[in-house]
Amino acid sequence: MINLFSPLIIYSERILRSPNQANTPKKMPPPNPEYLQQEESLTPESRELITTLPRQNGWFDSTHLYLYQGFWFQPDHLQAVISCQSHFQPLHSDVFLATYPKCGTTWLKAIIFTILNRKHFPPSSPNHPLLTANPHQLVLSLEIDLYAHNRLPTASTTSSPSRRFFSTHMPHASLPQPLSQRNKVVYACRSPKDTFVSLWHFMNKLRPQGAPERDMETAFRMFCDGAVGYGPFWDHVLGYWRRSLEEPERVLFVRYEDVKEEGAVQVRRMAEFLECGFSAEEEEEGVVDRILELSSFESMRGSEVNRVGRLGNGIENKHFFREGVVGDWKNCLSAQMAQELDGIVEEKFGGAGLVI
(Lines give C-alpha, C1' and ligand atoms only; values in the text may rest on other atoms or scores of the structure.)
Protein backbone atom coordinates (compact mmCIF):
# COMPACT_ATOMS: atom_id res chain seq x y z
CA MET A 1 0.00 0.00 0.00
CA ILE A 2 1.17 3.54 -0.72
CA ASN A 3 -0.04 6.85 0.63
CA LEU A 4 -2.01 8.86 -1.86
CA PHE A 5 -0.24 12.11 -1.01
CA SER A 6 -0.83 15.32 -2.88
CA PRO A 7 1.66 15.94 -5.71
CA LEU A 8 3.03 18.89 -3.72
CA ILE A 9 3.93 16.62 -0.78
CA ILE A 10 5.37 14.01 -3.12
CA TYR A 11 7.53 16.69 -4.68
CA SER A 12 8.65 18.02 -1.32
CA GLU A 13 9.64 14.60 -0.01
CA ARG A 14 11.28 13.20 -3.12
CA ILE A 15 12.94 16.26 -4.57
CA LEU A 16 13.21 19.23 -2.24
CA ARG A 17 14.83 17.18 0.51
CA SER A 18 17.32 15.60 -1.91
CA PRO A 19 18.25 18.31 -4.43
CA ASN A 20 21.51 16.71 -5.50
CA GLN A 21 19.82 13.42 -6.17
CA ALA A 22 16.98 15.10 -8.06
CA ASN A 23 19.35 16.99 -10.37
CA THR A 24 21.59 14.02 -11.10
CA PRO A 25 20.25 11.94 -14.00
CA LYS A 26 20.01 8.26 -13.23
CA LYS A 27 21.01 5.68 -15.77
CA MET A 28 17.97 3.58 -16.41
CA PRO A 29 17.20 0.95 -19.01
CA PRO A 30 15.00 1.85 -21.97
CA PRO A 31 11.25 1.29 -21.57
CA ASN A 32 10.48 -2.35 -20.95
CA PRO A 33 8.10 -4.02 -23.42
CA GLU A 34 5.87 -4.65 -20.40
CA TYR A 35 4.92 -0.98 -20.61
CA LEU A 36 2.88 -1.95 -23.66
CA GLN A 37 2.04 -5.57 -22.98
CA GLN A 38 1.25 -6.72 -19.46
CA GLU A 39 -1.15 -9.66 -19.42
CA GLU A 40 1.45 -11.57 -17.42
CA SER A 41 1.33 -9.07 -14.54
CA LEU A 42 -2.45 -9.08 -14.16
CA THR A 43 -4.26 -10.46 -11.14
CA PRO A 44 -6.17 -13.74 -11.62
CA GLU A 45 -9.43 -11.79 -11.50
CA SER A 46 -8.30 -9.45 -14.26
CA ARG A 47 -7.03 -12.33 -16.38
CA GLU A 48 -10.42 -13.98 -16.07
CA LEU A 49 -12.21 -10.75 -16.99
CA ILE A 50 -10.22 -10.04 -20.15
CA THR A 51 -11.03 -13.50 -21.50
CA THR A 52 -14.64 -12.29 -21.74
CA LEU A 53 -13.82 -8.99 -23.49
CA PRO A 54 -13.35 -8.27 -27.20
CA ARG A 55 -9.65 -8.24 -28.05
CA GLN A 56 -7.59 -6.90 -30.92
CA ASN A 57 -3.96 -6.25 -31.76
CA GLY A 58 -2.51 -3.11 -30.25
CA TRP A 59 -0.11 -0.56 -31.69
CA PHE A 60 2.55 -3.25 -32.09
CA ASP A 61 1.98 -6.82 -33.15
CA SER A 62 3.02 -8.20 -29.76
CA THR A 63 0.48 -6.09 -27.86
CA HIS A 64 -3.26 -6.34 -27.32
CA LEU A 65 -6.14 -4.02 -26.47
CA TYR A 66 -9.37 -4.95 -24.70
CA LEU A 67 -12.77 -3.31 -25.09
CA TYR A 68 -14.26 -2.22 -21.75
CA GLN A 69 -17.20 0.16 -21.31
CA GLY A 70 -16.97 1.09 -24.97
CA PHE A 71 -13.25 1.96 -25.01
CA TRP A 72 -10.01 0.14 -25.79
CA PHE A 73 -7.43 -0.34 -23.04
CA GLN A 74 -4.01 -1.89 -22.64
CA PRO A 75 -4.30 -4.75 -20.13
CA ASP A 76 -2.40 -3.12 -17.28
CA HIS A 77 -4.26 0.16 -17.74
CA LEU A 78 -7.55 -1.75 -17.77
CA GLN A 79 -6.75 -3.44 -14.48
CA ALA A 80 -5.80 -0.06 -12.98
CA VAL A 81 -9.02 1.55 -14.24
CA ILE A 82 -11.17 -1.16 -12.68
CA SER A 83 -9.24 -0.95 -9.41
CA CYS A 84 -9.55 2.82 -9.39
CA GLN A 85 -13.30 2.56 -9.99
CA SER A 86 -13.64 0.26 -6.99
CA HIS A 87 -11.31 1.94 -4.50
CA PHE A 88 -10.60 5.59 -5.24
CA GLN A 89 -12.31 8.02 -2.88
CA PRO A 90 -11.70 11.63 -3.93
CA LEU A 91 -11.71 14.57 -1.58
CA HIS A 92 -14.20 17.30 -2.41
CA SER A 93 -11.35 19.72 -3.10
CA ASP A 94 -9.52 17.40 -5.53
CA VAL A 95 -8.81 18.70 -9.03
CA PHE A 96 -8.45 16.50 -12.11
CA LEU A 97 -7.05 16.99 -15.59
CA ALA A 98 -8.59 14.61 -18.12
CA THR A 99 -7.22 14.20 -21.62
CA TYR A 100 -7.05 11.81 -24.51
CA PRO A 101 -3.34 10.90 -24.91
CA LYS A 102 -1.21 13.50 -26.70
CA CYS A 103 -3.72 16.33 -26.35
CA GLY A 104 -1.48 18.61 -24.32
CA THR A 105 -1.40 16.59 -21.11
CA THR A 106 2.15 17.56 -20.11
CA TRP A 107 1.59 21.24 -20.84
CA LEU A 108 -1.76 21.48 -19.04
CA LYS A 109 -0.33 19.63 -16.03
CA ALA A 110 2.35 22.31 -15.77
CA ILE A 111 -0.08 25.19 -16.14
CA ILE A 112 -2.67 23.95 -13.65
CA PHE A 113 -0.03 22.81 -11.15
CA THR A 114 1.42 26.32 -11.22
CA ILE A 115 -2.01 27.95 -10.87
CA LEU A 116 -2.91 25.83 -7.85
CA ASN A 117 0.44 26.15 -6.10
CA ARG A 118 1.36 29.74 -6.91
CA LYS A 119 1.08 30.90 -3.29
CA HIS A 120 3.66 28.35 -2.15
CA PHE A 121 5.77 28.26 -5.32
CA PRO A 122 5.58 31.67 -7.03
CA PRO A 123 6.11 31.25 -10.80
CA SER A 124 9.03 33.69 -10.61
CA SER A 125 10.86 31.56 -8.03
CA PRO A 126 14.29 30.28 -9.15
CA ASN A 127 13.52 27.06 -7.25
CA HIS A 128 10.12 26.36 -8.77
CA PRO A 129 9.32 22.63 -9.04
CA LEU A 130 8.90 22.85 -12.83
CA LEU A 131 12.57 23.76 -13.12
CA THR A 132 13.75 20.54 -11.47
CA ALA A 133 11.00 18.00 -12.17
CA ASN A 134 8.95 16.80 -15.11
CA PRO A 135 5.23 17.67 -14.90
CA HIS A 136 4.43 13.95 -14.85
CA GLN A 137 6.39 13.63 -11.60
CA LEU A 138 4.45 16.50 -10.04
CA VAL A 139 0.97 15.46 -11.19
CA LEU A 140 0.34 11.74 -10.92
CA SER A 141 -2.01 9.79 -13.16
CA LEU A 142 -4.71 7.71 -11.49
CA GLU A 143 -4.42 4.70 -13.75
CA ILE A 144 -0.82 5.03 -14.97
CA ASP A 145 0.86 5.88 -11.65
CA LEU A 146 -1.34 5.33 -8.61
CA TYR A 147 -3.32 2.18 -9.43
CA ALA A 148 -0.95 0.60 -11.96
CA HIS A 149 0.80 -2.73 -11.31
CA ASN A 150 -1.86 -3.89 -8.86
CA ARG A 151 -1.20 -1.09 -6.35
CA LEU A 152 -3.88 0.12 -3.95
CA PRO A 153 -2.97 3.59 -2.65
CA THR A 154 -4.66 4.94 0.44
CA ALA A 155 -5.81 8.51 0.96
CA SER A 156 -3.49 10.48 3.18
CA THR A 157 -4.91 12.40 6.11
CA THR A 158 -1.89 14.73 6.09
CA SER A 159 -2.99 18.32 5.65
CA SER A 160 -1.57 19.92 2.51
CA PRO A 161 -1.04 23.59 1.71
CA SER A 162 -2.40 22.85 -1.74
CA ARG A 163 -5.33 20.96 -3.20
CA ARG A 164 -4.60 17.51 -4.54
CA PHE A 165 -4.26 17.44 -8.31
CA PHE A 166 -4.35 14.29 -10.45
CA SER A 167 -4.57 13.43 -14.13
CA THR A 168 -6.30 10.69 -16.08
CA HIS A 169 -6.84 9.48 -19.63
CA MET A 170 -10.00 7.65 -18.59
CA PRO A 171 -13.14 8.44 -20.59
CA HIS A 172 -15.86 10.13 -18.57
CA ALA A 173 -17.95 6.97 -18.53
CA SER A 174 -15.13 5.11 -16.77
CA LEU A 175 -14.39 7.65 -14.01
CA PRO A 176 -14.94 6.45 -10.45
CA GLN A 177 -18.51 7.41 -9.57
CA PRO A 178 -17.70 9.72 -6.62
CA LEU A 179 -15.28 11.68 -8.80
CA SER A 180 -17.67 11.97 -11.73
CA GLN A 181 -20.41 13.35 -9.49
CA ARG A 182 -18.68 16.09 -7.53
CA ASN A 183 -15.12 17.06 -8.49
CA LYS A 184 -13.72 19.77 -10.72
CA VAL A 185 -12.42 18.34 -13.99
CA VAL A 186 -10.53 20.26 -16.66
CA TYR A 187 -10.73 18.42 -19.98
CA ALA A 188 -8.22 19.34 -22.68
CA CYS A 189 -8.83 18.39 -26.30
CA ARG A 190 -6.84 18.95 -29.48
CA SER A 191 -7.28 18.78 -33.22
CA PRO A 192 -7.54 15.08 -34.12
CA LYS A 193 -5.03 15.55 -36.93
CA ASP A 194 -2.35 16.93 -34.60
CA THR A 195 -3.35 14.39 -31.93
CA PHE A 196 -2.80 11.49 -34.29
CA VAL A 197 0.56 12.75 -35.55
CA SER A 198 1.80 13.36 -31.99
CA LEU A 199 0.57 9.91 -30.92
CA TRP A 200 2.28 8.24 -33.88
CA HIS A 201 5.64 9.83 -33.08
CA PHE A 202 5.34 9.17 -29.34
CA MET A 203 4.32 5.53 -29.56
CA ASN A 204 7.07 4.72 -32.02
CA LYS A 205 9.60 6.10 -29.54
CA LEU A 206 8.23 3.70 -26.91
CA ARG A 207 8.21 0.60 -29.08
CA PRO A 208 9.70 -2.58 -27.63
CA GLN A 209 13.37 -3.18 -28.35
CA GLY A 210 13.80 -4.71 -31.77
CA ALA A 211 10.25 -3.91 -32.89
CA PRO A 212 9.90 -1.97 -36.15
CA GLU A 213 8.11 1.35 -36.22
CA ARG A 214 4.38 1.20 -36.84
CA ASP A 215 3.89 2.55 -40.34
CA MET A 216 1.74 5.67 -40.53
CA GLU A 217 -0.88 4.22 -42.87
CA THR A 218 -1.71 1.33 -40.53
CA ALA A 219 -1.63 3.57 -37.47
CA PHE A 220 -3.90 6.07 -39.21
CA ARG A 221 -6.48 3.39 -39.96
CA MET A 222 -6.40 2.21 -36.34
CA PHE A 223 -6.92 5.77 -35.10
CA CYS A 224 -9.82 6.44 -37.47
CA ASP A 225 -11.45 3.16 -36.45
CA GLY A 226 -10.99 4.00 -32.76
CA ALA A 227 -8.78 0.94 -32.25
CA VAL A 228 -6.09 2.59 -30.10
CA GLY A 229 -5.54 2.93 -26.36
CA TYR A 230 -8.37 4.93 -24.71
CA GLY A 231 -10.07 5.17 -28.11
CA PRO A 232 -12.23 5.90 -29.91
CA PHE A 233 -10.92 9.46 -29.78
CA TRP A 234 -14.32 10.78 -30.92
CA ASP A 235 -16.28 9.13 -28.10
CA HIS A 236 -13.69 10.20 -25.55
CA VAL A 237 -14.01 13.86 -26.53
CA LEU A 238 -17.79 13.79 -26.84
CA GLY A 239 -18.24 12.29 -23.38
CA TYR A 240 -16.54 15.24 -21.70
CA TRP A 241 -17.96 17.81 -24.13
CA ARG A 242 -21.53 16.83 -23.36
CA ARG A 243 -20.84 16.74 -19.62
CA SER A 244 -19.32 20.22 -19.81
CA LEU A 245 -22.57 21.49 -21.36
CA GLU A 246 -24.71 19.75 -18.74
CA GLU A 247 -22.51 20.68 -15.74
CA PRO A 248 -20.32 23.67 -16.65
CA GLU A 249 -19.55 24.29 -12.99
CA ARG A 250 -17.92 20.84 -12.75
CA VAL A 251 -16.35 20.15 -16.15
CA LEU A 252 -14.37 22.77 -18.07
CA PHE A 253 -13.69 22.00 -21.73
CA VAL A 254 -10.41 23.53 -22.95
CA ARG A 255 -9.05 23.47 -26.50
CA TYR A 256 -5.29 23.11 -26.94
CA GLU A 257 -5.40 25.57 -29.82
CA ASP A 258 -7.15 28.21 -27.68
CA VAL A 259 -4.46 27.97 -25.01
CA LYS A 260 -1.85 28.47 -27.71
CA GLU A 261 -3.64 31.46 -29.24
CA GLU A 262 -4.89 33.22 -26.11
CA GLY A 263 -2.94 31.78 -23.21
CA ALA A 264 -3.66 34.53 -20.69
CA VAL A 265 -7.41 34.31 -21.31
CA GLN A 266 -7.43 30.55 -20.84
CA VAL A 267 -5.22 30.63 -17.72
CA ARG A 268 -7.62 33.10 -16.11
CA ARG A 269 -10.56 30.95 -17.22
CA MET A 270 -9.08 27.83 -15.62
CA ALA A 271 -8.23 29.68 -12.41
CA GLU A 272 -11.78 31.03 -12.12
CA PHE A 273 -13.22 27.58 -12.78
CA LEU A 274 -11.00 26.13 -10.04
CA GLU A 275 -12.18 28.87 -7.67
CA CYS A 276 -8.74 30.41 -7.28
CA GLY A 277 -8.94 33.40 -9.57
CA PHE A 278 -6.20 36.01 -9.71
CA SER A 279 -6.36 38.99 -7.40
CA ALA A 280 -5.93 42.56 -8.60
CA GLU A 281 -2.49 42.56 -7.03
CA GLU A 282 -1.50 39.42 -8.90
CA GLU A 283 -2.75 40.89 -12.15
CA GLU A 284 -0.73 44.03 -11.55
CA GLU A 285 2.38 41.96 -10.81
CA GLY A 286 1.99 40.01 -14.06
CA VAL A 287 1.53 36.60 -12.42
CA VAL A 288 -0.49 35.25 -15.36
CA ASP A 289 2.28 36.06 -17.83
CA ARG A 290 4.86 34.49 -15.52
CA ILE A 291 2.82 31.28 -15.33
CA LEU A 292 2.68 31.13 -19.12
CA GLU A 293 6.41 31.78 -19.43
CA LEU A 294 7.37 29.18 -16.83
CA SER A 295 5.10 26.49 -18.29
CA SER A 296 5.82 27.28 -21.93
CA PHE A 297 6.91 24.50 -24.23
CA GLU A 298 10.24 26.23 -24.84
CA SER A 299 10.95 26.71 -21.14
CA MET A 300 10.17 23.13 -20.19
CA ARG A 301 11.98 21.58 -23.14
CA GLY A 302 15.06 23.64 -22.28
CA SER A 303 15.07 22.56 -18.64
CA GLU A 304 17.89 20.15 -17.83
CA VAL A 305 15.60 17.60 -16.22
CA ASN A 306 13.56 17.36 -19.42
CA ARG A 307 16.64 17.05 -21.61
CA VAL A 308 18.42 14.25 -19.76
CA GLY A 309 16.04 12.78 -17.18
CA ARG A 310 13.68 9.81 -17.20
CA LEU A 311 10.47 8.94 -15.41
CA GLY A 312 10.33 5.97 -13.08
CA ASN A 313 9.01 3.72 -15.85
CA GLY A 314 12.06 4.46 -17.98
CA ILE A 315 10.46 6.85 -20.47
CA GLU A 316 12.81 9.69 -21.31
CA ASN A 317 11.45 13.10 -20.33
CA LYS A 318 12.46 14.55 -23.69
CA HIS A 319 9.94 12.32 -25.44
CA PHE A 320 7.16 14.52 -24.03
CA PHE A 321 8.53 17.60 -25.83
CA ARG A 322 8.68 17.11 -29.59
CA GLU A 323 7.12 20.11 -31.40
CA GLY A 324 4.13 21.38 -29.44
CA VAL A 325 2.82 23.45 -32.34
CA VAL A 326 -0.58 23.80 -33.94
CA GLY A 327 -0.81 22.42 -37.46
CA ASP A 328 2.19 20.06 -37.38
CA TRP A 329 -0.03 17.51 -39.14
CA LYS A 330 0.62 19.37 -42.40
CA ASN A 331 4.18 18.01 -42.33
CA CYS A 332 3.06 14.40 -42.01
CA LEU A 333 -0.44 13.66 -43.33
CA SER A 334 -1.36 13.30 -46.96
CA ALA A 335 -4.19 15.38 -48.39
CA GLN A 336 -6.34 12.25 -48.49
CA MET A 337 -5.69 11.51 -44.80
CA ALA A 338 -6.53 15.06 -43.80
CA GLN A 339 -9.72 14.99 -45.84
CA GLU A 340 -10.79 11.70 -44.28
CA LEU A 341 -10.24 13.00 -40.75
CA ASP A 342 -12.16 16.18 -41.57
CA GLY A 343 -15.07 14.03 -42.74
CA ILE A 344 -15.06 11.98 -39.54
CA VAL A 345 -14.97 15.16 -37.46
CA GLU A 346 -18.00 16.54 -39.25
CA GLU A 347 -19.85 13.25 -38.87
CA LYS A 348 -19.02 12.76 -35.18
CA PHE A 349 -19.02 16.30 -33.83
CA GLY A 350 -21.23 18.30 -36.18
CA GLY A 351 -24.48 17.42 -34.47
CA ALA A 352 -23.02 18.07 -31.02
CA GLY A 353 -22.06 21.63 -31.84
CA LEU A 354 -18.38 20.92 -31.17
CA VAL A 355 -15.74 22.61 -33.32
CA ILE A 356 -12.12 21.42 -32.98
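Remember, it's a predicted structure, so these values are computed and weren't measured experimentally. Hydrogens, waters and symmetry mates play no part in the numbers below; they use all other heavy atoms, side chains included.
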Verify same cluster id: Val265, Val267 (apolar side-chain graph, 4.5 Å):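 In one cluster with Val265: Val267, no.
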
Can you confirm whether more than 12 heavy atoms, excluding those of [X], are under 6.0 Å from its [atom1] atom?
| X | atom1 | value |
| --- | --- | --- |
| Arg242 | CZ | no |
| Gln339 | CD | no |
| Glu293 | CD | no |

Salt-bridge criterion met for [X] and [Y] (N-O under 4.0 Å):
| X | Y | value |
| --- | --- | --- |
| Asp342 | Lys193 | yes |
| Arg255 | Glu262 | no |
| Glu285 | Arg290 | no |

Residue from Asp289, Leu294, Val287 passing side-chain contact (heavy atoms from CB on, under 4.5 Å) with Ile291: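 That would be Val287.
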
Between [X] and [Y], what is the shortest heavy-atom contact and its length?
| X | Y | result |
| --- | --- | --- |
| Ile356 | Cys189 | CG2-SG, 3.7 Å |
| Tyr230 | Pro171 | CD2-CD, 4.5 Å |
| Ile50 | Arg47 | CG1-O, 3.3 Å |
| Val81 | Glu143 | CG2-CB, 4.0 Å |

Side chain [X], main chain [Y], donor-acceptor under 3.5 Å:
| X | Y | result |
| --- | --- | --- |
| Ser86 | Ile82 | yes |
| Glu282 | Val288 | no |
| Arg250 | Asn183 | yes |

Pair His77-Tyr68, side-chain contact (heavy atoms from CB on, under 4.5 Å): steps then yes or no: CA-CA 11 Å; His77 290 172; Tyr68 176 73; over 6 Å; no

Any side-chain donor near an acceptor of the partner, Thr114 and Ser295, under 3.5 Å: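 No.
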
Donor-acceptor side-chain pairing of Ser191 and Glu257 below 3.5 angstrom: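 Absent: no donor and acceptor within the cut-off.
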
4.5 Å side-chain heavy-atom contact, Trp200 and Val228: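 A side-chain contact is absent here, since even the closest heavy-atom pair is not under 4.5 Å.
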
Option passing ring-ring contact (aromatic ring centres under 6.0 Å, His included) with Tyr100 (candidates His236, His172, His169):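 With Tyr100 as partner, ring-ring contact (aromatic ring centres under 6.0 Å, His included) holds for just one option, His236.
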
Positive for ring-ring contact (aromatic ring centres under 6.0 Å, His included) with Phe166, one of Tyr147, Phe113, Phe96: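 Exactly one option meets the ring-ring contact (aromatic ring centres under 6.0 Å, His included) with Phe166, and it is Phe96.
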
CZ-CD1 distance between Phe223 and Ile344, expressed to the nearest 0.5 angstrom: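 Going from the CZ atom of Phe223 to the CD1 atom of Ile344 covers 8.5 Å.
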
